Number of protein chains: 2
Amino acid sequence: MKVLLVDDEPTILETVETKLRKEGYSVFTAATAEEGMRLYKQTKPDLLILDVMLPQRSGYDLCRAIRKDSKVPIIFLTARASEDDRVSGLDIGADDYVVKPFNLSELAARVKALLRRTTGETPLQIVETGNLKIDPVRHEAVLDGANLTLSPKEFALLYFLARHAGQVFSRDTLLDRVWGQDAFVSSRTVDVHVHWLRERIEPTPGKPIRLVTVRGVGYKFVA
Amino acid sequence: MKVLLVDDEPTILETVETKLRKEGYSVFTAATAEEGMRLYKQTKPDLLILDVMLPQRSGYDLCRAIRKDSKVPIIFLTARASEDDRVSGLDIGADDYVVKPFNLSELAARVKALLRRTTGETPLQIVETGNLKIDPVRHEAVLDGANLTLSPKEFALLYFLARHAGQVFSRDTLLDRVWGQDAFVSSRTVDVHVHWLRERIEPTPGKPIRLVTVRGVGYKFVA
DNA sequence: GCGCTTATTAATGCGGTCTTAACTCGCCTT
DNA sequence: AAGGCGAGTTAAGACCGCATTAATAAGCGC
């Protein structure tokens, strides 16, 4: 994922760049709106971080110019925290706001969240459906008040299916979304994991009511 | 009131000096620890602002040297925001910490507050959970009434995990948040420190109930 | 500079986890 | 009714991750 960072303070450029690189992003930096625009056209980043206060053309200007031909997510950095700023910033198309002085980790978290949001993924949050509760942050799944012991894959699979309860997923899709795009395993692997999950969360063996098979298609979680 | 500012970045020297002069302070600046020491002896400032990262002798060194003959208030500037830094910084006698990138007004406010200095309140707070109590300011951890002997890293790691009890952290995240953003050490290092911590705080060896492993993910502190 | 404490890395062993393959069952089609 | 296809189930082996220990390096106080 490519991130373009435009700020006129060298310290900020450097620290933010270092942080984001550590998080695995490709980072491009610019100190002025002009250079930012040039780099934007060159690199077509997945996300922009713009300082509101820039010499000559402001971050607002740059944002407006970019918004004319793209809906790329944009985070504003600003020293001012007034409601007024937030409003006008969001007006012209900013997706998020971070007020200086900011915490590096917080900024990184917002970048991550915004990218996830814009690429269709929802951020990590607790899923609760009926008597089942899954907390990805604590990495805990609770069924009828009892803690479930799940392996990493089982947990990931259950969390994904529960988060999209009702929706059917093919084995291939599940491999993509749960295992990852670079996993090259047989699709039958999914069956096995579903089987184990059923042993743990289904009340009556042989009669699944939560992890349901949709024959010829795949599996779905029923709430 | 005289303030001595030591930082090797010209931009910071200039902006901070300007700001503080506006606030009515007499400001002296130095780019190296040596020069800082010289100016300190010459001017006997009422407060010091030190960059942690300086060429040759670090800000820590300078702080330690100055602490030998004075209790002059000291503020550290650092690009690193790790718990460990905060802790070790306070250990050697810093009175406050400002993490780069920082807001000028915030720094000025801290200078003011520190100079006013009645009963300095630190951003570091005591964590108490069950029979464990951790006081970062005193740098003391007490378990069941008994004082724990912890190394700096052990203390920082325990403090961080306990402060975020329940939440799982990957090894990489822990390295980021506890070791610091510019620490390039193997993630296995975390295992070893967790191991030592367990030896000190877990009641039964081999069956951790507080520092729990989440297989495939990382570690978490359970209250 | 010397010795102690602390941090980090590397190596090893163990145990859990994942994956595959084989076999079975059931449903659908012809 | 038979064949084929999809899914359930199980066992076995490969693989991976973690705990643990020892050895080395680095920091710190004396």
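Computed from a prediction, not measured in an experiment: that's the story for all the values here. So you know, we letter chains A, B, ... as the sequences are listed, proteins then strands, and number each from 1. Just so you know, these numbers use all the heavy atoms, side chains as well, and skip hydrogens, waters and symmetry mates.
Looking at B/Asp7, its side chain does come within 3.5 Å of a backbone N or O of B/Glu9 through a donor-acceptor pair.
The stretch residues 188-197 of chain A touches DNA chain C through A/Thr189, A/Val192, A/His193, A/Trp196, each having a heavy atom within less than 4.0 Å of the strand. Residues from residues 202-223 of chain A lying near DNA chain C, meaning a heavy-atom separation below 4.0 Å, are A/Arg215 in numerical order.
Using a 4.5 Å heavy-atom cutoff, the side chains of B/Leu157 and B/Leu197 are in contact. When side chains are defined from C-beta on, B/Leu4 does not count as touching B/Ile49, because their heavy atoms never get closer than 4.5 Å. Taking 4.5 Å as the limit, every side-chain heavy atom of A/Lys19 sits out of range of all side-chain heavy atoms of A/Glu14. Looking only at side-chain heavy atoms (C-beta outward), A/Val72 and A/Asp46 stay at 4.5 Å or farther from each other.
When only modelled atom types and interatomic distance are considered, B/Thr18 and B/Thr15 share no side-chain donor-acceptor pair under 3.5 Å. The closest side-chain donor-acceptor pair between B/Arg198 and B/Thr213 falls under 3.5 angstrom.
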Does the ring-ring contact (aromatic ring centres under 6.0 Å, His included) test come out yes or no for A/Phe169 and A/Phe160, once each step is laid out? CA-CA 10 Å; A/Phe169 294 95; A/Phe160 178 81; 4.8 Å; yes
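A/Phe184 has its CZ atom 17 Å from the P atom of D/dC15, to the nearest Å. The interatomic distance linking B/Asp172 (CG) with D/dG17 (C1') rounds to 14 Å, in whole Å. With rounding to whole Å, A/Glu199 atom CD is found 14 Å from C/dC18 atom P. Whole-Å rounding puts the B/Trp179 CH2 to C/dT8 P distance at 6 Å. For the pair A/Arg198 CZ and D/dT10 P, the interatomic distance rounds to 13 Å; values are reported in whole Å. B/Leu175 has its CG atom 11 Å from the C1' atom of C/dT8, to the nearest Å. Remark: P of C/dT19 and CG of A/Leu157 are 11 Å apart, rounded to the nearest angstrom. For the pair B/Leu174 CG and C/dT8 C1', the computed distance is 16 Å after rounding to whole Å.
A/Trp179 and A/His193 have perpendicular rings, their planes meeting at more than 60° on a 0 to 90° scale where under 30° would count as parallel.
Mapping B/Leu150 and B/Ser187 onto DNA chain C by nearest heavy atom places B/Leu150 closer to the 5' end of the strand.
The side chain of B/Val185 has C/dT8 as its nearest neighbour among C/dT8, D/dA19, C/dT19.
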